[in-house]
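Just so we're clear, the structure is a prediction, and the values are computed from it rather than from any experiment.
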Amino acid sequence: MKKALLLATLIGPAVAMAQNNNAPSSYDPHDIKITGYLQTQFQKAQSPGITSFSGGDFSKNSDNRFMIRRGRLKIDRVDTYSSIVFQLDATQDGVQLMDAFIQLRHPSQKGLSLTAGLFNRPFGYSIVYSSGYRDFPERARVFQTLMPRERDLGGMVSYHPGGKVKFLNLDLALVNGSGHSAKDYDSKKDLIGNLAFKFDSLADKRLHLGFGGSFYKGSVRNDTKTYYTSNGAGYTAHTSDENEGKGIGRNYYGANLQIELDNSFGKSSFKTEYVTGDQPGVAGGEDIKGPYASRSFTTQPATDLYQRKFNGYYLWFTQEIAKTGVTALLAYDVYDPNKKASGMSIGMPDNFTADGDVKFSTLGYGVAYQISNRLKLTVYNEHVTNETTSLPNFSDDLKDNVFTTRLLYRW
């Protein structure tokens with residue numbers, strides 16, 4: 001028992017560090033270290049060719065597939081004053097750069113660091129939490145929409161002090177705003193701030209509590225003479241020569257909470273995150289599928305922008321089943337791209353609403369089995385529901401549920 005406690009004490013900080021994508025495997029000085037994980041999976045969709053946030057859209061004539069969801073190879077090195085992280089993602093679609101950043105730290109001020117390069121946007125909880133450790137197969141639809149692939153290029157100042165204020169984490173980043181695989185398409189930059197608190201020694205160290213708040217302040221360049229803003233039931237059009245090149249506000253505000261309780265039956269965990277704000281998008285329709293019409297852009301949008309008032313959230317609950325290695329998973333998430341319009345009002349004549357204004361919710365449930373320290377099997381089903389509207393494409397609930405069986409190996 002003492003050996004087990006000692007091992008947990010030694011590897012605990014390393015595991016916690018690995019769970020954060022914006023950090024090396026350890027801040028202890030070391031030469032090149034290679035870590036990573038592989039996720040291979042089989043999926044069955046409710047119908048062929050569906051739009052899906054569970055690993056991407058299905059091919060036109062396919063309702064099932066084998067795929068490599070993630071194949072991460074992370075290389076890092078740490079010395080007294082600096083560290084470097086370089087991470088690749090290799091799947092059936094090819095090899096892609098995921099992380100490439102340098103961090104500067106001073107030995108006398110270890111809590112203060114400067115990061116420059118390609119890194120996870122420091123917004124909220126789930127964005128920076130590694131997919132190699134997350135209990136659920138994917139992040140919530142709202143975050144996949146607002147921040148696809150999670151990363152961006154820029155610089156970040158972080159303050160993670162120790163001692164009596166070790167519970168505090170503060171990040172402030174300035175980024176391009178165009179995402180991880182694109183060069184900036186305008187001269188404006190976006191500002192991201194995150195304040196988080198984490199307490200791990202409550203209730204005789206059985207209760208772990210975390211919470212925080214975030215903001216995102218940015219804009220998207222309008223390339224036409226017209227843009228639209230939300231009103232009570234649809235949109236108001238604004239047309240002027242001055243609107244070409246105008247920056248349309250992209251502003252998010254979020255709050256998050258994590259509670260974990262160690263008990264005799266097994267660890268219970270509840271995590272939630274809520275985000276609201278303004279998201280510029282396009283109309284959606286034949287050229288752009290509805291769920292992607294409000295997605296953040298990696299290139300200059302060519303059509304009129306629609307500034308939507310959105311909100312979204314997720315609820316994640318997990319329960320370990322005694323000492324079996326099995327964990328029960330239950331999740332619910334909602335993304336409403338236009339909270340000022342709903343139901344049959346979407347698609348009505350002359351209010352300019354379209355496919356990009358449809359609300360989606362997802363109920364997920366399954367189990368994960370930790371076969372060994374490195375190997376985990378997850379079986380998970382997602383029941384996706386969209387609101388019924390006046391639009392032909394969304395006059396009823398789409399048949400877009402997805403069942404996933406995933407095997408993960410981490411080294």
Side-chain angles (χ1 to χ4, degrees), residues 19-23 85 87 97-105 111-131 139-161 168-198 210-221 247-258 271-281 294-298 307-314 335:
Q19 293 170 351
N20 186 339
N21 278 325
N22 288 339
V85 173
Q87 182 172 206
L97 180 66
M98 290 303 295
D99 296 294
F101 59 84
I102 298 170
Q103 285 186 337
L104 304 178
R105 304 166 74 238
L112 186 64
S113 65
L114 173 64
T115 303
L118 177 65
F119 51 84
N120 271 236
R121 299 173 176 102
F123 187 96
Y125 174 79
S126 66
I127 288 291
V128 298
Y129 195 87
S130 171
S131 297
R139 292 176 177 86
R141 178 185 290 252
V142 59
F143 288 107
Q144 291 192 55
T145 302
L146 301 179
M147 303 179 188
R149 301 309 298 267
E150 300 88 49
R151 278 87 173 164
D152 211 332
L153 284 154
M156 175 172 62
V157 177
S158 301
Y159 184 53
H160 308 302
L168 175 66
N169 295 285
L170 177 64
D171 302 290
L172 189 65
L174 190 67
V175 298
N176 283 340
S178 50
H180 100 291
S181 60
K183 295 179 180 178
D184 201 1
Y185 56 82
D186 62 23
S187 60
K188 296 182 179 180
K189 299 295 177 281
D190 296 354
L191 184 66
I192 310 173
N194 183 60
L195 178 63
F197 301 87
K198 187 175 181 180
F211 57 90
S214 306
F215 73 85
Y216 187 110
K217 300 290 288 184
S219 64
V220 175
R221 183 184 181 277
I248 309 302
R250 177 188 178 191
N251 305 307
Y252 315 148
Y253 306 93
N256 60 85
L257 171 69
Q258 306 86 45
K271 300 177 181 179
T272 184
E273 196 161 358
Y274 176 83
V275 60
T276 187
D278 304 304
Q279 173 72 345
S294 62
R295 207 168 198 179
S296 296
F297 300 101
T298 58
Q307 188 184 47
R308 298 179 170 95
K309 300 286 185 180
F310 77 92
N311 62 15
Y313 63 89
Y314 66 80
Y335 175 54

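One distance of note links CD of Glu150 with CZ of Arg139; it measures 3.5 Å at 0.5 Å rounding. Annotation: the span from Tyr216 atom OH to Tyr252 atom OH amounts to 6.0 Å, rounded to 0.5 Å. Note that OG1 of Thr272 and CG of Asn256 are 8.5 Å apart. Values are rounded to the nearest 0.5 Å.
The minimum heavy-atom distance linking Asn194 with Gly213 is given by the pair OD1-O, 3.5 Å. Shortest non-hydrogen contact noted between Phe143 and Ser126 is CD1-OG, 3.8 Å. In terms of heavy-atom proximity, Pro280 sits nearest to Gly249 at CG-O, 3.3 Å. Shown here for Asn20 and Asn22, the closest heavy-atom pair between the two residues is OD1-N, 2.9 Å.
Judged purely by atom type and a 3.5 angstrom limit, Asp278 has no side-chain atom pairing as donor or acceptor with the backbone of Lys309. Between the side chain of Ser214 and the backbone N or O of Phe123, no donor-acceptor pair lies under 3.5 Å. Side-chain N or O atoms of Ser296 include one that pairs as donor or acceptor with a backbone N or O of Leu146 at under 3.5 Å. Formation of a donor-acceptor pair under 3.5 Å by the Gln279 side chain with backbone atoms of Arg308 is not found in this model.
For CZ of Phe211, the number of neighbouring non-hydrogen atoms (other residues, nucleotides, ligands) closer than 6.0 Å is greater than 12.
Ring geometry for Phe310 against Tyr335 counts as tilted: the plane angle lies between 30° and 60°, on a 0 to 90° scale.
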Test Ser294 against Thr145 for side-chain contact (heavy atoms from CB on, under 4.5 Å), laying out the working first. CA-CA 7 Å; Ser294 62; Thr145 302; 3.6 Å; yes

What do the steps show when you test Leu257 against Lys271 for side-chain contact (heavy atoms from CB on, under 4.5 Å), and what is the final call? CA-CA 6 Å; Leu257 171 69; Lys271 300 177 181 179; over 6 Å; no

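With sequence neighbours excluded, the residues that form a side-chain contact (heavy atoms from CB on, under 4.5 Å) with Leu195 are Leu168, Leu170, Phe197. Thr276 meets the side chain to side chain donor-acceptor pair (under 3.5 Å) test with Lys339; sequence neighbours excluded. Taking Tyr253 as the reference, Lys217 meet the side chain to side chain donor-acceptor pair (under 3.5 Å) condition, with sequence neighbours excluded. For Arg105, there are no salt bridge (charged side-chain N to carboxylate O under 4.0 Å, His left out) partners at least two apart in sequence or on another chain. With sequence neighbours left out, the side chain to side chain donor-acceptor pair (under 3.5 Å) criterion links Gln87 to Asp99. Qualifying salt bridge (charged side-chain N to carboxylate O under 4.0 Å, His left out) partners for Arg221, counting only residues two or more places apart in sequence or in other chains: Asp223. Evaluation of the side-chain contact (heavy atoms from CB on, under 4.5 Å) rule for Thr115 yields Phe101, Gln103, Phe119, Met156 as partners, not counting sequence neighbours. Applying the side-chain contact (heavy atoms from CB on, under 4.5 Å) rule to Thr298 yields the partners Ala182; only residues at least two apart in sequence or on another chain are considered. Partners of Arg141 according to the salt bridge (charged side-chain N to carboxylate O under 4.0 Å, His left out) rule, which considers only residues two or more places apart in sequence or in another chain, do not exist here. For Gln307, the side chain to side chain donor-acceptor pair (under 3.5 Å) test picks out no residue, with sequence neighbours left out.
When each of His180, Met98, Arg151 is checked for a side chain to side chain contact (heavy atoms under 4.5 Å, CB included) with Asn120, only Arg151 meets the rule.
Between Gln144 and Val142, every side-chain heavy-atom pair lies at or beyond the 4.5 Å cut-off. Annotation: side chain of Val220 is in contact with side chain of Phe297 (closest heavy-atom distance under 4.5 Å). Counting heavy atoms from C-beta on, the side chains of Tyr159 and Leu172 never come closer than 4.5 Å. Side-chain contact between Asn311 and Val275 is absent, with no heavy atoms from C-beta onward closer than 4.5 Å.
Note on residues 175-187: pairs passing salt bridge (charged side-chain N to carboxylate O under 4.0 Å, His left out), not counting sequence neighbours, are Asp184-Lys189. For the salt bridge (charged side-chain N to carboxylate O under 4.0 Å, His left out) condition, the pairs that include at least one residue of residues 152-161, sequence neighbours left out, are Arg121-Asp152.
Using a 4.0 Å cut-off between a side-chain N of Lys or Arg and a carboxylate O of Asp or Glu, Arg250 and Asp190 qualify as a salt bridge.
For the residue pair Tyr125 / Glu273, no side-chain donor-acceptor distance below 3.5 Å is found, with atom types taken as modelled.
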